[in-house]
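A quick write-up on the structure given underneath.
Ligands are counted one by one from 1 in listed order, and the atoms in each one are counted from 1 as well. Index from 1, following the sequence.
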Amino acid sequence: MFKYPSISSTANILSSPIEYLKGVGPQRGEILKKELNIFNFGDLLQHFPYRHVDKTKVSLVQDINPQTDYIQVAGIITHMEIMGERAGKRLVARLKDKSGVLELTWFQGISWIQKMLEPGHTYLVYGRVGFYQGRPQIIHPEIESLVTDSKPVSTPGTISGKNFLEPVYPSTEKLKARGLGGRQLAKLTQQLMSIIREKDIPENIPDSILHSLKLIDRYKAYRQIHFPQSPNEYEDAVKRLKFEELFIAQLRANLIRSGRHRFSKGVVFDKVGELFNEFFKKYLPFELTGAQKRVIKEIRTDTAKGRQMNRLLQGDVGSGKTIVAVLVMLLAVDNSYQACLMAPTEILARQHFNTISALLEKINVPVRLLTGSTKTAGRKKLLKELAEGNIKILVGTHAVIEDVVQFEKLGIVIIDEQHRFGVAQRARLWQKATIPPHILVMTATPIPRTLAMTAYGDLDYSVIDELPPGRQPVTTVHRYESHRSKVMDFVRAEISKGRQVYIIFPLIEESATLDYENLMKGYENIKAYFPEPRYWISMVHGRQPAAQKEMNMQRFINKDTQIMVSTTVIEVGVDVPNASVMVIESAEKFGLSQLHQLRGRVGRGAEKSYCILLTGVKLGNDARERIRMMTATNNGFEIAEKDLELRGPGDIEGTRQSGELNFKLASIVQDRHLLELARNMAASLLEADPDLDSAANLRLKSFLRESKGPVTWSKIS
Ligand code: ADP
Ligand code: MG
């Protein structure tokens, strides 16, 4: 699991083991470690409250309305009763104040609560209000007797009871069972706060930035996030700490990038030679868009400098990334280097191989294909030719990064259509040559800017923000399954005009038998609508052997079949311009970017294209929103933003294990402006002082060096 960088690693009080904190001890210490990853004082300090309760505010039962969220009420317990049986068994108590009655319900710990509560006594209860049979109730409220233990947790140095906010901490059932609920965690944190001093949490951000953004200092921020005197104090603390998080992350990414720019050696592509020029002048099948030209220029400039390029190329589906890859590979070959293009699936690798071989046939550049199903004999020969430098361009799947694959002189690796390709895998490529090859990662669908900035902050960035001319936007509609036969009539009409059609079934996991059976049923059903010999159907799915997939694909490409029934194996990259209708079955089961990627398979030719999203009648809120979004826009960048909003960064393809996204406080969705600010600040700071050597930046430098992070400082100082 990703470990948040320690807030200070100088041997100070914050690195003391948690069991040494008064009130913890060895047993509770063990649970804190297990349940909350709290190992030392600093970790506890970073266990932030998720909410504060104004315990000075006591409401009346009559104030409760359907909008009420959390509430605190004081009253007398008038009645207690055990109701229901087995799973429904619960303890219900009535709390009466001068305005009305509130029901309190417990499903767990019933006997303990029953012993503790005394009818006739006054209690202070707190919790989330719900309604049961029209009556307000709180399930599992926090409850305390107003006779005895009424002294709330207070800020050190504040007069208890006077305008203070009590922190509420995330806890777990196990912790609660050991007397470490949110309340007790507040007490421990208070205890901790009373023993740490300003010097224990030294400032790390330069003064100039603190001033210009009006950020409070670090020590104060840690105090105030736990024990604010007012909502404003809390906001100030959160802002400061969020900024720090984002700023430090941006600095680190920036340092990796600038370190590469300044210190890494790279292959030099300084010639734009014969092959590039000849291809460009004679064989380019279309005029490049302005965006394509710009990106090629960016890459050319970057690869000519003698430092390693590590670049992310973003472009919407169909924006024409392949031709950019081809031209860049020719650039490598012109400079006597080999190039490699890697695709995520065998189908896609094969398709790229076919496209690229056809394009480069006339200028005589040897291109080969290497995938998992390349036969042993052919593979041997291929590897030999590659090592001798006779193959200039290698196209393939992951098979190309295996250790046995050795190039004579590898100059660039282009990774197409996947963000799944992580830092570790990129590193493997370095071992394929003494000077690391340039790397160009092309994304399958756009990823949101904020995500790119955080997950790929160490990469340089290009974007194709323009589609080739003459594209008609794909018309997207939503239809219920009950209208299937109408949809099929439409499909039939399109086929009669000479068009081809994709019908996609969900196959979440290639191994999911149920999905597979659905696909087979679906196929039979479609066959009934489109019988042979008038219609021919290709089917492609993950369980087929590669050769069978290839044959089915090829029949569709050759127009021998009019319909392609498939799972998402054709999700990315497949390019059959004559296909103009995309029907997506059970569209509610797909993620947004997946739907967009699938839709990108049509609208590639001159014909008007359609995407039909078939769903059941019952749709969840998120599914409804996804479908709405798909019918509202064709813009992949907008869709990516929405996807991030709906699913959160953790679920966006390929970033799942990305520790960079694990911010404690900041959210790359809600705090995008702060992120942008942090990024700009980090960039201008490093521009002015690349080694952080000025007096004003020394504390930042020592913080970066001491708190562990992915920066190799050896290269910098
Ligand atoms: P993607 O960015 O999704 O990988 P492709 O490279 O597959 O897109 O290109 C999509 C389609 O657009 C292909 O059929 C390609 O030949 C065509 N294409 C690419 N660039 C241009 C252009 N500048 N003008 C016209 N068609 C283009
Ligand atoms: Mg592509």
Side-chain angles (χ1 to χ4, degrees), residues 279-281 283-297 299 311-330 340-361 395-397 413-421 440-447 462-474 499-500 502 553 556-557 559 568-580 582 593-607 609 611 634-637 639-640 653-654:
F279 178 76
F280 199 91
K281 285 190 194 120
Y283 304 111
L284 201 62
F286 35 66
E287 166 117 19
L288 295 183
T289 61
Q292 285 170 323
K293 284 183 195 156
R294 191 190 65 237
V295 166
I296 288 167
K297 203 167 163 197
I299 295 169
R311 187 171 282 275
L312 175 69
L313 172 58
Q314 285 229 63
D316 206 344
V317 184
S319 61
K321 295 182 286 286
T322 314
I323 196 73
V324 172
V326 170
L327 285 162
V328 171
M329 291 195 289
L330 286 180
C340 172
L341 176 68
M342 210 172 99
T345 64
E346 177 128 12
I347 289 183
L348 198 54
R350 227 164 249 284
Q351 178 187 279
H352 274 324
F353 171 72
N354 293 337
T355 312
I356 295 170
S357 316
L359 284 170
L360 301 185
E361 201 186 342
V395 177
T397 53
V413 178
I414 299 176
I415 299 153
D416 187 29
E417 305 285 11
Q418 59 182 348
H419 342 120
R420 237 164 299 187
F421 204 73
L440 182 68
V441 179
M442 309 201 289
T443 60
T445 49
I447 48 179
S462 290
V463 59
I464 304 184
D465 48 7
E466 186 185 347
L467 291 179
R471 291 273 168 84
Q472 297 184 50
V474 178
R499 305 285 96 79
Q500 286 165 285
Y502 292 102
M553 243 354 263
F556 190 64
I557 293 168
K559 301 190 192 173
T568 48
V569 291
I570 64 125
E571 180 185 331
V572 289
V574 171
D575 187 32
V576 181
N578 188 53
S580 68
M582 165 66 62
S593 60
Q594 224 180 0
L595 289 172
H596 180 64
Q597 181 57 243
L598 285 167
R599 174 169 62 184
R601 300 307 109 221
V602 297
R604 305 191 142 234
E607 306 305 330
S609 296
C611 174
N634 274 302
N635 183 325
F637 286 89
I639 286 177
E653 186 77 329

Does at least one non-hydrogen atom of E287 fall below 4.0 angstrom from an atom of ligand 1?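 Per 4.0 Å heavy-atom rule, E287 contacts ligand 1.
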Which ligand 1 atoms, with their elements, are less than 4.0 angstrom from a heavy-atom of [X]?
X    : result
T289 : 23 (N)
S319 : 2 (O), 8 (O)
V317 : 3 (O)
T322 : 4 (O), 5 (P), 6 (O), 7 (O)

Got a sec, which residues hit salt bridge (Lys or Arg N to Asp or Glu O under 4.0 Å) with R350, two or more places apart in sequence or on another chain?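 Once residues adjacent in sequence are excluded, the partners of R350 under the salt bridge (Lys or Arg N to Asp or Glu O under 4.0 Å) criterion are E346, E550.
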Mind checking what makes salt bridge (Lys or Arg N to Asp or Glu O under 4.0 Å) contact with K293, not counting sequence neighbours?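 Expected list: E287.
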Side-chain heavy atoms of L284 within contact of I323, under 4.5 Å: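 In short, these two side chains touch, coming nearer than 4.5 Å.
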Do the non-hydrogen side-chain atoms of L360 and F279 ever get within less than 4.5 Å of each other?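 The answer is yes; the side chains approach within 4.5 Å.
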Given R471, E466, K321, identify the one with the heavy atom nearest to atom 17 (C) of ligand 1.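 Of the listed residues, R471 has the closest heavy atom.
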For the pair K321 and D416, find out whether any cationic side-chain nitrogen is under 4.0 Å from an anionic carboxylate oxygen.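 Looking at D416 together with K321, the answer is no, because their closest N to O distance does not fall below 4.0 Å.
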Polar-atom distance check: F286 versus ligand 1, any N or O pair below 3.5 Å?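 There is no such contact.
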Looking at ligand 1, does any of its N/O atoms fall within less than 3.5 Å of an N/O of G320?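 Yes, at least one N or O pair falls under 3.5 Å.
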Which is it for L288 and ligand 1 at heavy atoms under 4.0 Å: side chain, backbone, both or neither?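 The answer is the backbone.
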I296 CD1 to I464 CD1 distance, which is reported to the nearest 0.5 Å: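 Between I296 CD1 and I464 CD1, I get 8.0 Å after rounding to 0.5 Å.
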CE-CG distance between M329 and L359, expressed to the nearest 0.5 angstrom: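 Here the interatomic distance stands at 9.5 Å.
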